[in-house]
Number of protein chains: 2
Amino acid sequence: MAQVYERVALIGLGLIASSMFWSIKRGGLAGEVTGYARTEATRETARRIGLCDRVCDTAIEAVEGADLVVLCVPVGAMGAVAEEIAPHLKPGATVTDVGSVKAAVIEAVLPHIPEGVHFVPAHPLAGTEHSGPTSGFAELFDNRWCLLVPVEGTDEGATAALRALWEGMGANVDEMDPAHHDLVLAVTSHTPHLIAYTMVGVADDLRRVTDSEVIKYSAAGFRDFTRIAASDPTMWRDVFLTNKDATLEILGRFTEELFALQRAIRTGDGDLLHDYFTRTRAIRRGIIDAGQDTDAPDFGRGGSRK
Amino acid sequence: MAQVYERVALIGLGLIASSMFWSIKRGGLAGEVTGYARTEATRETARRIGLCDRVCDTAIEAVEGADLVVLCVPVGAMGAVAEEIAPHLKPGATVTDVGSVKAAVIEAVLPHIPEGVHFVPAHPLAGTEHSGPTSGFAELFDNRWCLLVPVEGTDEGATAALRALWEGMGANVDEMDPAHHDLVLAVTSHTPHLIAYTMVGVADDLRRVTDSEVIKYSAAGFRDFTRIAASDPTMWRDVFLTNKDATLEILGRFTEELFALQRAIRTGDGDLLHDYFTRTRAIRRGIIDAGQDTDAPDFGRGGSRK
């Protein structure tokens, strides 16, 4: 694969940034990758495991001379970082991010972007329940989607280069406007996460069902919720605070629907339940056909005759 | 491993029964395994793939001479099946089941059990989103829990033999009383399933987010819900109708908790959200330590450097 950028700077060295580094190296997509993390401990870990060609002690040092600057910090921290690095950005450089929310990030970052620098917001739809600099791996983005959310007037060449980088890292790329992005993600990611957090919290609270029972007998459904609910707390706090409107809208729809099913249970309406559960099965089939999950039973966790 | 029963009869040939057959064969746990399914199509499939040593055209034929009869039909059908086979059970035989709900099954089945026949309800906590006679595999129960829920006055020898069978199939065995079983499962399985069904239903309904977008961008959380929501509709309808009280109780706790988080989002209470999300993370760690899931990122779906 061809080199896309001479120098890339990763600001924040968590799961996404560390996966980007290994993926960029795998594809030979950049000449040099610099990195910066807020804490000394993370920078030391990064140096120890060879994460980034050069780990810098300041964000300013990391972005100097960079052709692409990737903001990989929690959504709530994007604005402050953008303000700090803005005066040190190379003319003609591109700034992008990997935040799970787009309208709020654009609002926070765009005002700081200097004349002559391009801003192309992005969101790779990939992740695991792990976080931190040691959690990344080169294959994280393979066959996953990365959504580019260019703002009005964005330079087409800058967008095309960023697309080439993400494709080089194995992702499929789509473009979307910010508001629609935030609504789609509220459905496919943000609300499911909040619900999983809630269900795990309920189990934790319940006095008559001891923790050890919940944990021992988690195989049938609950453990999938716990994986989702083990995701990074800071990242998710920021997601909900910054995608408030769309999340609250989908939550409203969710509780309305949940109450309808709850009523069917209470009144013994088996037909309603059966019809509902039959309809949702078809969606699963669509996801497997779209290549976004495996059809192996139980996620391929165990052995299988099939 | 030693043979536990001379002859085992499986009534109903879905995921659990077919996995039991392959697992019993793997362990040499029974001399002969007979099987019966309600539909001609399922019986034909079973004969074609070698599921069961002998596939019978009636439940009565299948249970004749059997030392263990396993009811593997949906919870709502258990009573009728028990009534039908009762007069044909061998004296001294044991009847068991694999239903996800225990109080309702005991209420439906126990009155039909003849004098001199033992009834030991059971519930293996294992499954996948697939169903039907071709979905079983020998390893399904390995390192999973099987809960035995013996009724008052149950013969200890009968319980011990059933325990030996489940341990021979790779499961860990615990005993529990029916009401506590139904509450624990409402937390760890039934309510999570209802919630997953609801979330997938909401996504399906939403007009502004097309189906194809939901499916394409499902990687970040939602696809785990769709797996759960792809489970067998008949089985789950019966679970909710027969474990009504415990499910409604846990649902009540869930919505109470969800509203508290929803309020924190609306009012911008980031500390509450962060604390909550931090607490739920610890539960995940407990489940991995208990050996009920893998620590591989993303369920080990993708490749990994870790």
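Nothing here was measured: the structure is a model prediction, and the numbers come from that model. Chain naming here is simple, since letters A, B, ... match the order of the sequence lines and numbering starts at 1 in each.
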**Asked** Going by atom types alone, do B:R237 and B:T242 pair a side-chain donor with an acceptor below 3.5 Å?
**Response** no

Do you know which of [options] has the most heavy-atom pairs under 4.5 Å to chain B?
options: A:F277, A:F225, A:F240, A:Y276; answer: A:F277
options: A:L15, A:I265, A:L273; answer: A:I265
options: A:L272, A:D232, A:D238; answer: A:D232

Can you give each donor-acceptor pair under 3.5 Å made by side-chain atoms of residues 195-203 of chain B, sequence neighbours left out, with the distance rounded to 0.1 Å?
| residue | atom | partner | partner atom | Å |
| --- | --- | --- | --- | --- |
| B:Y197 | OH | B:S231 | O | 3.1 |
| B:T198 | OG1 | B:L194 | O | 2.7 |

**Asked** Given the rule in the side chain to side chain donor-acceptor pair (under 3.5 Å) test, do B:R281 and A:S131 qualify, once you have shown the distances and angles that lead to the verdict?
**Response** CA-CA 12 Å; B:R281 218 175 197 190; A:S131 49; 2.8 Å; yes

**Message:** If you count heavy-atom pairs within less than 4.5 Å of chain A, which of B:M176, B:E256, B:E257 leads?
**Reply:** B:E257

**Prompt:** Non-hydrogen atoms of chain A under 4.5 Å away: do they reach the side chain of B:L248, the backbone, both or neither?
**Reply:** side chain

**Asked** By a 4.5 Å heavy-atom criterion (distance strictly below it), what part of B:S18 contacts chain A: side chain, backbone, both, or neither?
**Response** neither

**Prompt:** When you check the gap from the basic side-chain N to the acidic O, do A:R253 and A:E249 get nearer than 4.0 Å?
**Reply:** no

**Lys/Arg N to Asp/Glu carboxylate O, A:R266 vs B:D245, below 4.0 Å** = no

**Asked** Side chain, backbone, both or neither: which part of A:I228 has an atom under 4.5 Å from a heavy atom of chain B?
**Response** side chain

**Request:** Would you mind checking which part of A:T255 comes under 4.5 Å of any heavy atom in chain B, side chain (CB onward), backbone (N, CA, C, O), both or neither?
**Result:** side chain

**Prompt:** Can you name the residues that form a side chain to side chain donor-acceptor pair (under 3.5 Å) with A:D174, not counting sequence neighbours?
**Reply:** B:K216, B:Y217

